[in-house]
Protein chains: 2
Amino acid sequence: MTVEEQSTPENNILKAAKEIFQKKGMAAARMQEIADEAGINKAMLHYYYRSKELLFEAVFKSAFHMLAPQLNEIMNADTSVFEKIKNFSSNYISFVLKHPYLPNFIIQELNRNPEFVKNLIAEKNFPNISKFKQQVNHKIEAGEIRPINPEQLFINIISLNIFPFIGAPLLKGFVNINDEAYKQLMEDRKTEVADFIINAIKI
Amino acid sequence: MTVEEQSTPENNILKAAKEIFQKKGMAAARMQEIADEAGINKAMLHYYYRSKELLFEAVFKSAFHMLAPQLNEIMNADTSVFEKIKNFSSNYISFVLKHPYLPNFIIQELNRNPEFVKNLIAEKNFPNISKFKQQVNHKIEAGEIRPINPEQLFINIISLNIFPFIGAPLLKGFVNINDEAYKQLMEDRKTEVADFIINAIKI
DNA sequence: GTCTATAGCCAGATAGAC
DNA sequence: GTCTATCTGGCTATAGAC
C-alpha cells in the first residue's frame with residue numbers, strides 16, 4: 001500500500017479535494033463541497049491544509065505527479081522511437097480513460113498560472129525529451145524517417161493523445177455522436193494514434 | 001464596419017468582458033474588473049446585460065461564432081481533402097496567434113457545462129463534417145489514401161491544430177524553450193501540420 | 001443613461017467548547 | 001482532533017439621486 005492509498009485524514013481530504021477541484025477548477029470549487037465529499041467538517045480542511053490555496057496546491061502536485069513521470073519513463077526508456085510512440089499512446093490513453101478530469105485540470109490551471117511550470121521543472125523526474133530528440137535526429141540522418149523537427153514531432157504526439165480528452169464535449173458535437181460511441185473512438189485510438197504518427201514519419 | 005466593431009456601450013462592455021472572461025474563466029472573473037476594463041461603472045454592466053451569467057453567455061456565443069463558422073466554411077468548401085487540411089491548418093493557426101485566449105476559453109467552459117453544446121448544435125452554421133467524411137471515404141475507395149476512420153482523421157486534424165495553443169504552458173516546459181522560440185514553432189506549424197497529416201494518410 | 005451607496009448573500013477562515 | 005457557531009470580507013445585484 002503506497003503512501004497515497006493510506007486512509008489517513010490527510011489522504012481522505014486530498015482524495016475528496018481532487019474530485020471537486022478537478023471537476024470545477026480552483027475558483028468554482030467550494031470548501032463545503034470538499035468537506036461533504038470527504039465526509040468531514042469544513043473546519044477540518046483548514047486544520048489539515050490551512051487554506052484553500054494550500055489544499056489546491058497539494059491537489060495539483062499530486063495530480064501532476066500521477067502523469068508526468070509516466071511520460072518521462074517512456075521517453076527515456078531504452079527503446080526505439082517507434083516503440084516510444086506506441087507505448088506512450090497506449091499507456092496514456094488507458095490511464096486517462098480511468099482519470100478523465102485529470103488532463104483538463106492540469107492544462108487549465110497551468111493556463112491560469114503559467115509561471116507555476118517553473119516550480120515543476122525544478123523537480124526531479126520532470127519530463128526531459130533530450131534523449132528522444134537525439135534518437136529522432138539519428139533516425140533522420142540514417143534515412144529511416146522523414147526530416148522533421150523533433151520538437152514538432154513531440155508536440156504532435158502529445159496533441160494527438162491529450163486533446164481528444166480535453167476537447168471531448170466539442171468533438172462530440174462536431175462528430176455528432178453520443179458518449180458511448182465517443183468512448184469507443186478513444187479505445188480505438190490506443191493503436192490508431194501510433195499508427196498515424198508512424199505513417200507520417202516513416203519513409 | 002461590422003456590428004461587432006461599432007462603439008456602442010453594449011459592444012464596449014462585450015469587448016472588455018471577453019478580455020476578462022477569456023483570461024480568468026467565468027468563476028474567477030469579477031464584474032468590477034470588467035467595468036474597469038470597459039472604463040465604466042459596475043452598475044452599467046447590469047443595466048445592459050442584467051446579470052453576470054447573461055453577460056457571460058453573450059461573450060461565449062460571440063467567441064464561439066468567431067471560430068466555428070471558419071471550420072464549417074472550410075470543411076464544406078468545394079475543394080479536395082488535402083486542400084481542406086492545408087487551408088484549415090493555415091487559417092486556424094493564423095487566427096489563434098491573434099486571439100490566444102480564445103480556444104482555451106471555449107474548451108474550458110464547455111467542459112464545465114457539457115450540455116451547452118446542445119444549444120450550439122441547434123444553430124445554423126454549426127460545423128458539419130458529413131461532406132468531409134464522404135470525401136475521405138471516396139479517396140480511400142479510390143486507393144488514393146490509406147484506410148482510416150474519417151472521424152479519427154478529423155479528430156487528428158483538430159487536435160494537431162488546437163492543442164499546441166491550449167497546452168502551451170505545459171509544452172513550453174517539456175520542450176524547454178522560451179516564449180519567443182515557442183511562437184516560432186507555432187508559425188512553422190502553419191505548414192508543418194498539414195504536411196504531417198498528408199504524409200500520414202497518402203499512399 | 002449614468003452614477004453612488006448599499007443591500008444581501010455567500011464563502012473562507014477562525015474561535016472556542018468538547 | 002473534531003465539532004458548532006460565528007466573524008469578516010468580498011462579490012453580485014439593486015435602489016435611488018441626478
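Chain letters run A, B, ... following the sequence lines, proteins first and then strands; every chain starts at 1.
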Of the nucleotides [options], which one has an atom closest to the side chain of [X]?
{"X": "Y48(B)", "options": "dT4(C), dA13(D), dT2(C)", "value": "dT2(C)"}
{"X": "K52(B)", "options": "dG12(C), dA13(D), dC3(C)", "value": "dA13(D)"}
{"X": "R50(B)", "options": "dT14(D), dC3(C), dC3(D)", "value": "dT14(D)"}
{"X": "A43(A)", "options": "dG12(C), dC3(C), dT4(D)", "value": "dT4(D)"}

Pair E19(B), K23(B) - check side-chain contact (heavy atoms from CB on, under 4.5 Å), show working. CA-CA 6 Å; E19(B) 183 80 16; K23(B) 260 190 213 156; 3.4 Å; yes
Spacing between [X] atom [atom1] and [N] atom [atom2], to the nearest angstrom:
{"X": "M44(B)", "N": "dT2(C)", "atom1": "CE", "atom2": "C1'", "value": "5 Å"}
{"X": "M26(A)", "N": "dA11(C)", "atom1": "CE", "atom2": "C1'", "value": "12 Å"}
{"X": "Q32(B)", "N": "dC11(D)", "atom1": "CD", "atom2": "P", "value": "9 Å"}
{"X": "Y49(B)", "N": "dT14(D)", "atom1": "OH", "atom2": "P", "value": "17 Å"}
{"X": "N41(B)", "N": "dT12(D)", "atom1": "CG", "atom2": "P", "value": "13 Å"}
{"X": "L45(B)", "N": "dC11(D)", "atom1": "CG", "atom2": "P", "value": "14 Å"}
{"X": "K42(B)", "N": "dT4(C)", "atom1": "NZ", "atom2": "C1'", "value": "11 Å"}
{"X": "K24(A)", "N": "dA11(C)", "atom1": "NZ", "atom2": "C1'", "value": "14 Å"}

Identify whether the distance between the nearest side-chain nitrogen and carboxylate oxygen of E144(B) and K202(B) falls below 4.0 Å. no
May I ask you to say what [X] touches in the nucleic acid, namely base, sugar-phosphate or nothing, with a heavy-atom cut-off under 4.0 Å?
{"X": "A29(A)", "value": "sugar-phosphate"}
{"X": "A28(B)", "value": "nothing"}
{"X": "M31(A)", "value": "sugar-phosphate"}

Give a yes/no on whether any side-chain N or O of R30(A) is located under 4.0 angstrom from OP1 or OP2 of dG12(C).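 For dG12(C), OP1/OP2 do have a side-chain N/O of R30(A) under 4.0 Å.
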Looking at H46(A), I'd like to know whether one of its side-chain N or O atoms comes within less than 4.0 Å of OP1 or OP2 on dA13(C). yes
Side chains of D36(B) and Q32(B), donor plus acceptor under 3.5 Å: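 Yes, a side-chain donor-acceptor pair sits under 3.5 Å.
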side-chain contact (heavy atoms from CB on, under 4.5 Å), that's the test. Do F163(B) and L160(A) meet it? Break it down for me. CA-CA 8 Å; F163(B) 186 76; L160(A) 288 167; over 6 Å; no
Are more than 12 heavy atoms, taken from residues, nucleotides or ligands other than K15(B), located less than 6.0 Å from that residue's NZ atom? no
